[in-house]
Amino acid sequence: MSENYDVVIAGAGPAGAQCARDLAQREYDVLVLEAEPEDGFPRQSNKSTAGTFAAMTGAFGVPDDVVMNYTDEVILESPHEHFVQKQPGAVLEFADFKRWLVAEGREHGAEYRFGARANNPIVEDDEVVGVQYAGDEEVYADIVVDATGPAAPLAKKLDVCNLERENQAVGIEWEMEGVDVDHPEFADLTDAMMLRLDHEYAPGGYSWIFHTGGDTAKVGLCYIQNKSYQQYGDTSKSIDDHLTHWLETDPRFADAERIADKQQHRGSAHIQMPDGLSTDSFMAIGDTVPTIDPLWGEGIHKCMESARAAAITADRCLMGSERDTSANAMATYDDLWHARVAPNMRTRLTMTQLLYLASNDRYDRLMNDLNAMDVETLSDANTGSIRSLSKLVHLDDVPLLARFAKQRLAE
């Protein structure tokens, strides 16, 4: 068994497995280290909704047999209003999706070692040369990729990214049956993905219902553990308590029950700008350095795009007889990440933070604003266009903006 590879990837989630898939297709020697045992993989999901749009399923060749339900709309709800966006999408069976990515990588020659948790980077002469895993096992590579999600053991020890827990989002999701997806008091959620902005249920965050066919749906919520959560929420309640409260008070769940043989999904992510993404012979991808679309989320697509950017970078650094994995060469990944994965990151992050700081009344007004906007303006706003974002701001938002500025200064 070889202990020297072109690329070693820590983590077999969507980002790690997609990066391995791309590099194996380019005929590089790739090893993926995954902490979970292979038997029953994946035992848990660190990604909640697994909802995505046609752009991702087409770009990455996602097959029909890992899709639970194809959807036609995305719906945003506030306490008293809603907005409907015509948007083809797909709700994935996330476990099947992850297994498919692993199988795809193996088919093209990627090697996987399960039960192999990455512990530390191996550094020689200030350069990353490999990974220590499963205790004291070692493996060496020209390039190391951290795709372990928020835990980020390699990135943290290399002082890359520098993400802080006070900006951490936490989430929980159940798969349920008996859900009334076409309740007369709400928008019709048949073949739709719905996100709800409502501090009663998800203080400083959002909740969701993703229709998976018939009377079944993925139901969950997440929030950011920040000042907005502390202002609107009850910090004595756990995230499980918040989900229970929603299920007990929303009439769409009056006859709903959790599907017994389905896993409960829990996850977390950092909501902030990373200080860095790469260094000599090293890149951090996926939820290790997550980004977010303020209105639509779609974190899986972002993970996959970051994986592809990392694969392109590795290919450029390793091709030819003179391999160059210096920090300067690896910075190609940073450029691709900011251009393709998270364009206008700072503006979009600010929009996300402002969104969760707003009141429930302001959420109702936002739905009315969105209903008055054309599709192009809305899409531009979601990508961070200042001109489009300005159409969502009103004069009486000044106190909210002042509160946000004060919060940022305090940070």
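Positions are given from 1, in the same order as the sequence printed here. Quick caveat, the model's predicted, so the values are computed rather than measured.
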Full working for salt bridge (Lys or Arg N to Asp or Glu O under 4.0 Å) between Asp369 and Arg362 | CA-CA 10 Å; Asp369 289 342; Arg362 188 60 182 87; 3.7 Å; yes
So does Asp65 have more than 12 non-hydrogen atoms from other groups sitting under 6.0 Å from CG?
-> yes
Any donor-acceptor pair under 3.5 Å from Asp146 side chain to Leu154 backbone = yes
Does Trp246 reach the side chain of Val219, with side-chain heavy atoms less than 4.5 Å apart?
-> yes
Check: Leu101 and Arg21 side chains under 4.5 Å, non-hydrogen atoms | yes
May I have the step-by-step check of salt bridge (Lys or Arg N to Asp or Glu O under 4.0 Å) for Glu34 and Arg99, ending in yes or no?
-> CA-CA 12 Å; Glu34 168 54 44; Arg99 286 189 286 265; over 6 Å; no
Could you verify whether a donor N or O on one side chain and an acceptor N or O on the other, from Asp191 and Thr71, lie under 3.5 Å apart?
-> no
Any side-chain donor-acceptor pair under 3.5 Å between Asp198 and Tyr206?
-> no
Aromatic ring centroids of His199 and Tyr223 under 6.0 Å?
-> no
Note: Glu36-Arg113 ion pair, threshold 4.0 Å (strictly below) | no
Distance-only donor-acceptor check, side chains Asp22 and Gln18, under 3.5 Å = yes
Donor-acceptor contact present, side-chain Asp6 to main-chain Asp29, <3.5 Å = yes
Look only at the side chain of Ser207 and the backbone of Leu221, and say whether a donor-acceptor pair between them is shorter than 3.5 Å.
-> no
Non-hydrogen side-chain atoms of Asp255 and Asp180 separated by less than 4.5 Å = no
Could you label the plane-to-plane angle of the Tyr201 and His245 rings as parallel, tilted or perpendicular, counting under 30° as parallel and over 60° as perpendicular?
-> tilted
Crowded around Arg117 CZ? As in, over 12 foreign heavy atoms under 6.0 Å?
-> no
Assess the side chains of His108 and Glu104: does a donor N or O sit below 3.5 Å from an acceptor N or O?
-> no
Side chains of Asp240 and Ile172 in contact at under 4.5 Å (non-hydrogen atoms) | yes
Check: Leu92 main-chain N/O paired with Lys218 side-chain donor or acceptor under 3.5 Å | yes
Between Tyr140 and Tyr5, does the ring centroid distance fall short of 6.0 Å?
-> no
Say whether Glu173 and Trp208, considering side chains only, have a donor N or O and an acceptor N or O under 3.5 Å apart.
-> yes
Could you state the interatomic distance from NE2 (His183) to CG (Asp188), rounded to the nearest 0.5 Å?
-> 12.5 Å
Ignoring hydrogens and angles, tell me if any N or O in the side chain of Thr313 forms a donor-acceptor pair with the backbone of Tyr333 under 3.5 Å.
-> yes
Without hydrogens or angle criteria, can the side chains of Asp335 and Thr332 be said to hold a donor-acceptor pair below 3.5 Å?
-> no
Using a strict cut-off of less than 4.0 Å between a Lys/Arg side-chain nitrogen and an Asp/Glu carboxylate oxygen, indicate whether Arg196 and Asp250 qualify as a salt bridge.
-> no
Would you say Asn69's side chain and Gly214's backbone share a donor-acceptor pair under 3.5 angstrom?
-> no
Do Ser78 and Asp364 have side-chain atoms, one donor and one acceptor, less than 3.5 Å apart?
-> yes
Does Asp315 reach the main-chain N or O of Ala311 with its side chain, forming a donor-acceptor pair under 3.5 Å?
-> no
With distance as the sole test, does Thr148 use its side chain to make a donor-acceptor pair with the main-chain N or O of Ala151 at under 3.5 Å?
-> no
Do Asn120 and Tyr133 meet the criterion of a side-chain donor-acceptor pair at a distance under 3.5 Å?
-> no
Indicate yes or no for a side-chain donor-acceptor contact from Asn119 to the backbone of Gly135 under 3.5 Å, with no hydrogens or angles considered.
-> yes
Should Glu38 and Lys98 count as an ion pair when the cut-off is N to O under 4.0 Å?
-> no
Are any of the side-chain nitrogens in Arg340 or Glu305 under 4.0 Å away from the carboxylate oxygens of its partner?
-> no
For Phe186 and Pro251, which heavy atoms make the closest approach, and how far apart are they?
-> CE1-CG, 3.6 Å
